[in-house]
Amino acid sequence: MENLSYMMAPLFSSKLLLVLFFGTLFGLILGVLPGLGPTTGGALILPFTMTLDPLSAIVLLTAIYCAGTYGGAITAILINTPGTPAAAATCLDGYPLAQKGEAGRALGMATVSSTIGGIFSVIILVFFAPLLAKLAYEFGQPEYFALAIFGLTMLASIGEGSPVKNLIAAAFGVLISTVGKDFMTSIDRFTYGINELSEGIGFIPVVVGLFAISEMLTQSTMLDQVFKRVALKAVKLPSLKDYKLTWKTILRSSGIGSFIGVLPAEGGTVASLIGYSEAKRWSKNPEEFGKGSIEGIAGAEAANNAATGGAMVPTLALGIPGSATTAVILTGLIIHGVRPGPDLFREQPEFLYGIFGSMLIANILFFIFGFFGAKLFARITLVPNKILWPMIFALSVCGTYSLSQSITDVWIMLFFGVVGFFMRRYGFSVVPVIIGLILGELVEGTLRQSLVIFDGNWLMFLTRPIALTFFTLAIIALLFPLFKKKTKKTKLKKIKIEG
């Protein structure tokens, strides 16, 4: 009962309601603009959250996360360009349906299914995050080391892009985390005489550089891109016939999205693709998919929004990001002095349940904004990139500099912006770098502390069941891409023989 009152607290706080309103509005705008999205937007707004208290800052970031994930559906349906990667599957049926003159119906279904998926995931978050945190009470330093290794290896099995490239990027992130004073000996490492680096490389310059600046550089190669738009009169609520056709799909995809979101390093993109494919597999009319199926929109949108709450489960309970945007949220928690984990649930339940309640309200708010303002938000895409990206660059520089009034942070941000640009160009995802940077301190610290506690005995990892379980899962995660590749080759060979 007490936790329920904590969840309702944002409704009685004018400050939190204002933050939620702004965060949801800002998230929708970010989601609508192709190339931005909640991850880049969260990274962009992160430096400015330092003026807020910890709860308001995280509420702002989570509202951007929830609304931005939905916002991508608007452009996916109207201009066949997903505002976020998580809305890619929505294009498959959303745009064909809009071309038939039913853009309002398509957006209505996307709005409703997104809201249901988002609310479903918050319920999952409320029930499962505390359970996972209770399990974490059994963790010692060896268990946390094994968990961190498992989180990094998950990038190979289910992260986007090449498994090998993901692991290289994650290792690069871990390497970045070692810059600065050794926490056990206080000796400077990899600072090369630059005093500003003795405290390490800050999260914010790296996050802003890899997400915002690298995206700006990437978008600069597409300044003259023209979108073909479909006219929208008004968003229409789904009819009774639509509900009868899609309610099973929405519930199924909500469950799929929540589960996929819980997996470390995963997010809404894969959730939406799986939700879409399962909607097609269970549909009575699979031949309509790709031609304007309302079930396809429902399956994709319920899944990608359900992944938001699911991704927050490992983020809050274990400190392992569940998606790219939760990596930014986790960065926000850390810079505000909040360390996720079981102690957070025991010592600050009002903080956690305030986040849960805020996410619930954010899902309701984006339903209202999306239903009544989709046409207005769609017009935001008319802002030329030649105007939009210089503004984002200025915000990036101002935000990074304002954090500690250090020009070194600005140079770090620009450096990682260029690094991120070349990473994207050559097929590397920037997300593993951030996850590696966040988990790097945990990996090094828990390993060295474990060896000190057990007198340098490496075999102690094999005598602890939880640690051994995570190491086993890590090995499976590393081998899974090889198994998947071999299975794919076998299937192709079989098809050729039969053909």
Side-chain angles (χ1 to χ4, degrees), residues 43 46 141-156 159 164-211 214 264-265 318-321 327-328 330-335 337 339-341 400 403-404 406 408-420 422-423 428-454 456 458 461 467 470-471 474 478:
L46 190 59
Q141 296 305 313
E143 284 76 18
Y144 273 112
F145 171 70
L147 173 65
I149 293 296
F150 170 61
L152 291 173
T153 56
M154 285 291 283
L155 292 165
V164 175
K165 288 181 177 179
N166 283 342
L167 289 175
I168 292 172
F172 178 53
V174 173
L175 181 63
I176 296 167
S177 72
T178 63
V179 174
K181 288 188 184 296
D182 185 311
F183 76 99
M184 292 184 77
T185 64
S186 295
I187 296 173
D188 284 352
R189 303 179 299 183
F190 309 117
T191 59
Y192 302 102
I194 303 172
N195 293 329
E196 288 84 354
L197 295 180
S198 61
E199 296 301 319
I201 295 177
F203 286 112
I204 287 179
V206 178
V207 170
V208 175
L210 285 176
F211 287 116
S214 70
L318 302 173
I320 304 291
V328 176
L330 182 57
T331 303
L333 286 165
I334 293 169
I335 64 174
R339 191 71 201 182
T400 303
L403 186 64
S404 54
S406 170
T408 302
D409 284 346
V410 176
W411 285 116
I412 290 171
M413 176 200 71
L414 294 173
F415 171 77
F416 279 101
V418 175
V419 169
F422 282 106
M423 285 182 68
F428 287 85
S429 172
V430 299
V431 176
V433 180
I434 299 300
I435 293 176
L437 177 60
I438 291 171
L439 296 183
E441 185 181 342
L442 183 64
V443 170
E444 183 191 12
T446 52
L447 174 60
R448 294 176 69 178
Q449 288 168 1
S450 297
L451 292 174
V452 168
I453 293 168
F454 291 91
W458 288 84
F461 288 112
F470 279 121
F471 281 130
L478 289 173

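Between Phe471 and Phe461, the ring planes lie perpendicular to each other; the angle is over 60°, past the 30° to 60° tilted range.
Between the CD1 atom of Ile438 and the CG atom of Leu152 there is a distance of 10.5 Å, given to the nearest 0.5 Å. With rounding to the nearest 0.5 angstrom, the OG atom of Ser429 is 10.0 Å from the CG atom of Leu210. The CZ atom of Phe416 sits 12.5 Å away from atom OG1 of Thr400, with the distance rounded to the nearest 0.5 Å.
The two residues Ala169 and Pro432 come nearest to each other via the heavy atoms CB-CB, 3.8 Å. The heavy-atom pair separating Pro321 from Leu439 by the smallest distance is CD-CD2, 4.4 Å. Closest approach of Ser177 to Glu441, counting heavy atoms only: OG-N, 3.8 Å. For the residue pair Ile435 and Ala327, the shortest heavy atom distance occurs at CG1-CB, 4.5 Å. Shown here for Ala43 and Val207, the closest heavy-atom pair between the two residues is CB-CG1, 3.3 Å.
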(message) Run Ile187 and Lys181 through side-chain contact (heavy atoms from CB on, under 4.5 Å) and show every step you take.
(response) CA-CA 5 Å; Ile187 296 173; Lys181 288 188 184 296; over 6 Å; no
**Asked** Would Leu46 and Val208 count as a side-chain contact (heavy atoms from CB on, under 4.5 Å) if you check the C-alpha gap in whole Å, the side-chain angles of each, and the deciding distance to 0.1 Å?
**Response** CA-CA 8 Å; Leu46 190 59; Val208 175; 5.6 Å; no
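Scanning for ring-ring contact (aromatic ring centres under 6.0 Å, His included) contacts around Phe470 gives Phe139, Phe150, with sequence neighbours left out. Residues satisfying the side chain to side chain contact (heavy atoms under 4.5 Å, CB included) criterion with Leu333, sequence neighbours excluded, are Ile58, Leu316, Leu330, Val338, Pro340, Phe351. Legend: residues meeting ring-ring contact (aromatic ring centres under 6.0 Å, His included) with Phe172, ordered by chain and number and at least two apart, are absent. Here Leu175 pairs with Thr178 under the side chain to side chain contact (heavy atoms under 4.5 Å, CB included) rule; sequence neighbours left out.
The closest side-chain heavy-atom distance from Val328 to Ile434 is not below 4.5 Å.
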Without placing hydrogens or testing angles, list every side-chain donor-acceptor pair under 3.5 Å for residues 443-453, not counting sequence neighbours.
| residue | atom | partner | partner atom | Å |
| --- | --- | --- | --- | --- |
| Glu444 | OE1 | Arg189 | NH2 | 3.3 |
| Glu444 | OE2 | Arg189 | NH1 | 2.6 |
| Glu444 | OE2 | Arg189 | NH2 | 3.4 |
| Glu444 | OE2 | Arg448 | NH1 | 3.0 |
| Thr446 | OG1 | Leu442 | O | 2.4 |
| Thr446 | OG1 | Val443 | O | 3.4 |
| Arg448 | NH1 | Asp182 | OD1 | 3.2 |
| Arg448 | NH1 | Asp182 | OD2 | 2.9 |
| Arg448 | NH2 | Asp182 | OD1 | 3.4 |
| Arg448 | NH2 | Asp182 | OD2 | 3.2 |
| Ser450 | OG | Thr446 | O | 2.6 |

Cut-off 3.5 Å, no hydrogens considered: what does the side-chain donor-acceptor table look like for residues 192-205, sequence neighbours left out?
| residue | atom | partner | partner atom | Å |
| --- | --- | --- | --- | --- |
| Ser198 | OG | Asn195 | O | 2.8 |

